[in-house]
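Written out below as C-alpha cells is the structure these notes cover.
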There are 2 protein chains.
Amino acid sequence: MTTEERVREAAVRLFAERGFHGTGIRDLAQAAGLSSATLYHYMGTKEDLLVGIMRTSLTELITAAEAIAGSTPDETDRLVSLVEMHVRAHAGKPRETAVVDGEMRALTGERRAEVVALRDRYEQIWQDAIADGVNAGKLHVAEPSVARLALLEMCSGVSRWYSPDGPLGLRDLTIQYGAMALGMLGAAR
Amino acid sequence: MTTEERVREAAVRLFAERGFHGTGIRDLAQAAGLSSATLYHYMGTKEDLLVGIMRTSLTELITAAEAIAGSTPDETDRLVSLVEMHVRAHAGKPRETAVVDGEMRALTGERRAEVVALRDRYEQIWQDAIADGVNAGKLHVAEPSVARLALLEMCSGVSRWYSPDGPLGLRDLTIQYGAMALGMLGAAR
DNA sequence: CCCCTTCGATCGATCGATCGATCGGGCCCC
DNA sequence: GGGGCCCGATCGATCGATCGATCGAAGGGG
C-alpha cells in the first residue's frame, strides 16, 4: 500500500469518527504514521482530502447504479438491485459513505457544488427507477420524490450502525432491505 | 424571549448548519447578539450548550412516545402513531433533531453516556412496538432490530431535507410516512 | 429627595493552546 | 551529487475560556 493510500485511509477513519472539523492535521499525521509536515507531501489541503474521498465514493456509486439501470429491464428487479448495491456499499465501506453523507456541509463554493452535483446525479437514477416502477404499475407511492428521499435515508443509514463483525451477514442484510424497500414502495406481493 | 433562549436558538441553528466543531464561540456570540464574554454569563461551556439541546429534544420525544405507547392498544395504530409523531417532530424542528442525530460524536465521557442512554430509551419504545406488532401477527419482519434501525433512519432523515416552506404539507408528509412504514414492516393490507 | 450600596449585565483585552499550513535543511539511495 | 522523502521548528490565525472593569437600575436609610 502506498503512503498516499495510507493517508487517505487514515483520513476516512478519522473523518468518520470525529468529523472533518473535529479532526486535526496532527491527528491525521499521527494516524498515518507521518509528521504533519510530511503529510503535506502526499496531499493538498485538508479540504482536498475530503473532496477526494467524496468524489471517489460517489463516482463508484454512480458507476454501479448506471450499470444496474442499464442492464435490468424489469422495474421491480431494478429497484431491488439498486437497494442491494447501495446497502452493500454502505455496509462494506461504512466510513467512506458516512463521510459522504455527513460532511457535505464542511465544503464550500465550487468544491461543494461539484460534490452536490455528483450526489444529485446519483439520486436522479433512483428517482427514475421509482418513476418507472410507478408508471409500469408495479410500484404504488403517493409521491415519488418523498419515497426516494425516505428510501435513500433508510438505506444510507446502514453505515451508521452496521458492523461487519456483528451477527448479521451482508447477504441477510441486503435481502431484508430489498424486502423492506419493496414493501414501503407498495410493490405487488 | 429571554437572552438564554436566544442563545440556545442561535446555537441550535449554527450547530445544525455548521456542526458543533464547525461553530466557534464568536459565531455563537454574534448570532445571539452578544460579546463572547457575555455569552458565558448565560451558558456553561460550549459542550454544556450542546448537551442541553440534546437533552431537551430527546426528553420531549420520549415523553411523547411513552404517551402513545401507553394509550394505543392496537399494535398497528401504535406503530403508525409513533411514526407520525416522530416525523412531525423532525419536520417541525429539523434543526434540533438534526443536532441530536448528528452531533453525538462531539460528546465524550459521562455527557455522552447520558445522552446515549436517553436515545436508547427512546429506541427501546420502538423496538417494543415492533415486537408487539410481530407477536400479534400484524407485522411481518425478518429481524425486528434491523427493521427498527431502518425505520428510524428513514423517519429521522426527514430533518435532513424537509422544508416547511416547500410544497409538501406536514399532514401529507406524516400520512405518507405512516403508509410507507406499514408497507416496509409487512403489515396486512 | 438624595446618596450610597448592591447586583445583574455587558464588554474589551487577553490568556494558553491548538489550528492549518509552510519553510529550510537533513537523510538516503541511485 | 542530485532528487525524492522526511521532519523539527515555526508561522499567523483562531480556538474556547477568563479576567477585571464598567454600566445602569433597584433598594433602603437618613
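The chains referred to below are lettered A, B, ... by the order of the sequence lines, with proteins before strands, and numbering in each begins at 1.
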I need the NZ-C1' distance between B:K46 and D:dG16, as an integer number of Å.
8 Å
Taking the six-membered ring for Trp and the single ring otherwise, decide whether the centroids of B:H86 and B:Y122 are under 6.0 Å apart.
yes
To the nearest Å, how far apart are A:D27 CG and D:dC15 C1'?
15 Å
Determine whether more than 12 heavy atoms belonging to other residues, nucleotides or ligands lie under 6.0 Å from atom CZ of B:R105.
yes
In whole angstroms, how far is the P atom of D:dT18 from the CG atom of B:D48?
11 Å
By nearest atom, which of the nucleotides D:dG16, C:dT22, C:dC11 is closest to the B:I25 side chain?
D:dG16
If I take atom NE2 in residue A:H41 and atom P in nucleotide D:dG8, what distance separates them, rounded to the nearest angstrom?
16 Å
Check ion pair A:D48-A:R111 (N to O, under 4.0 angstrom)
yes
Give the nucleotide from the list D:dA9, D:dA17, C:dC11 with an atom nearest to the side chain of A:A37.
D:dA9
Write down the distance between CD (A:Q30) and P (C:dC19), rounded to a whole number of angstrom.
11 Å
So what does B:T45 hit on the nucleic acid, given a heavy-atom distance under 4.0 Å: a base, only sugar-phosphate, or nothing?
sugar-phosphate
Whole-Å distance between D:dT14 P and B:L28 CG?
17 Å
Candidate nucleotides D:dA17, C:dG20, D:dC7, ranked by approach to the side chain of B:R26 - the nearest
D:dA17
Dot-bracket notation for DNA chain C is requested: 5' to 3', Watson-Crick or G-U wobble pairs only, both distances under 3.5 Å, with ( ), [ ], | and . as defined.
||||||||||||||||||||||||||||||
For B:L39 and C:dA13, what is the distance between atoms CG and P respectively, to the nearest whole Å?
19 Å
Does a side chain donor of either A:Q124 or A:D120 reach within less than 3.5 Å of an acceptor in the other side chain?
no
Output yes when at least one side-chain N/O atom of A:T38 is less than 4.0 Å from OP1 or OP2 of D:dC7, else no.
yes
Do B:L152 and B:R148 have side chains that approach each other closer than 4.5 Å (heavy atoms only, starting at C-beta)?
yes
Do A:R55 and A:E114 pass the salt bridge (charged side-chain N to carboxylate O under 4.0 Å, His left out) test, and can you show the C-alpha distance, the side-chain angles, and the key distance before you say yes or no?
CA-CA 9 Å; A:R55 188 155 36 204; A:E114 178 204 339; 2.5 Å; yes
Output the rounded distance in Å from OH (B:Y40) to P (D:dG16).
7 Å
Side-chain contact test, heavy atoms from C-beta onward, threshold under 4.5 Å: evaluate it for B:Y177 versus B:M154 and give yes or no.
yes
Side-chain N or O of B:Y42 less than 4.0 angstrom from OP1 or OP2 on C:dT10?
yes
